[in-house]
Amino acid sequence: MRYDLVIFDNDGVLVDSEPISNRLLAAHLTELGHPTSYEESIRDYMGSAMHRIHELVLERTGRRLPDDFDDVFHARVFAAFERELKPVAGVAGVLERLSADGVPFCVASSGSHERIRVGHRTTGLDRWFEEGRIFSSQDVGRGKPAPDLFLYAAERMGVAPERCVVVEDSPLGVRAAVAAGMDVLGFTAMTPAEKLVGAGKLFSDMGELPDLLV
């Protein structure tokens, strides 16, 4: 094993949530007078913490999103998760193998702690991620592409950044991991490979991941 810690992004890497959340985000923004397609939501917001959505909308339009934007959006997302959310194909087997081999791993997500837990509980992944293995952009001042979240996760797990590898599927996440001084494996199931600039290796099937860690 080349690494002392595997850090997983959550949305799109552990749980197949990106199609759900970006569909709902595009619809919500459009309702509020900011016409946004699903494709534009993927392009502009995939991998973002909520504060970045607010900042981009304000920068582009000069208008602030409503104070209840996050609460309304999350309520819609969580309801959809309960109906639709699935784990990423093959990820349960990967986590089972890492656990059996004694390889430390955690999750570091732009999403809130509540979003992470709802997704894991719904998909059954919660059995691999107890409290001490869950890190959110809520825990740090800046979300991805800043390196803060990944550095915080490594510190809390007691591992030097250069001994960590990050599994990411968003350009923002890859940039954050590179800025943190960590190796990155880019998951291309939803993201074109050319958008994950900076990832050391790319893979499209989660079953390939264990062999990339040795």
Taking all non-hydrogen atoms of both residues, which atom of Met190 and which atom of Pro19 are closest, and how far apart?
-> SD-CD, 3.7 Å

Under 4.5 Å between any side-chain heavy atoms of Glu40 and Leu29, yes or no?
-> no

Ser137 versus His51: any side-chain heavy-atom pair under 4.5 Å?
-> no

What is the ring orientation for Phe69 with His28, classed by angle as parallel under 30°, tilted 30 to 60°, or perpendicular over 60°?
-> parallel

May I ask you to check whether Phe135 and Phe150 place their ring centres under 6.0 Å from each other?
-> no

Report yes or no: does Ser204 contribute a side-chain atom to a donor-acceptor pair with the main-chain N or O of Ala189 at less than 3.5 Å?
-> no

Looking at side-chain heavy atoms only, is the closest gap between Arg2 and Leu213 below 4.5 Å?
-> no

Do the non-hydrogen side-chain atoms of Leu32 and Pro66 ever get within less than 4.5 Å of each other?
-> yes

Rounding to 0.5 Å, atoms CG (Leu212) and CG (Asp183) come to a distance of 11.5 Å

Distance-minimising heavy-atom pair for Gly12 and Val88 | O-CG2, 3.6 Å

Side chains of Asp4 and Pro104 in contact at under 4.5 Å (non-hydrogen atoms) | no

So is Arg133 actually on top of Phe105's ring, under 6.0 Å and inside 45° of the axis?
-> yes

Taking all non-hydrogen atoms of both residues, which atom of Ser110 and which atom of Lys144 are closest, and how far apart?
-> OG-CD, 3.5 Å

Closest heavy-atom pair, Glu18 versus Gly47, reported as atoms and distance to 0.1 Å, is OE2-N, 4.1 Å

Quick check: are there more than 12 heavy atoms from other residues, nucleotides or ligands sitting under 6.0 Å from CZ of Arg163?
-> yes

Atom pair CZ (Arg97) and OG (Ser99), whose distance is rounded to the nearest 0.5 Å | 12.0 Å

Main-chain N/O of Glu208 paired to Asp211 side chain as donor or acceptor, under 3.5 Å = no

Do the side-chain N and O atoms of Asp11 and Ser17 include a donor-acceptor pair separated by under 3.5 angstrom?
-> yes

Side-chain touch His74/Met50, heavy atoms, less than 4.5 angstrom | yes

Closest approach of Arg76 and Leu24, non-hydrogen atoms and distance?
-> O-CD1, 3.7 Å

Where Phe187 and Asp169 come nearest, the two heavy atoms and their spacing = O-CB, 3.4 Å

Same hydrophobic cluster for Leu14 and Leu209, using side-chain heavy-atom links shorter than 4.5 Å among ILVMFWY?
-> yes

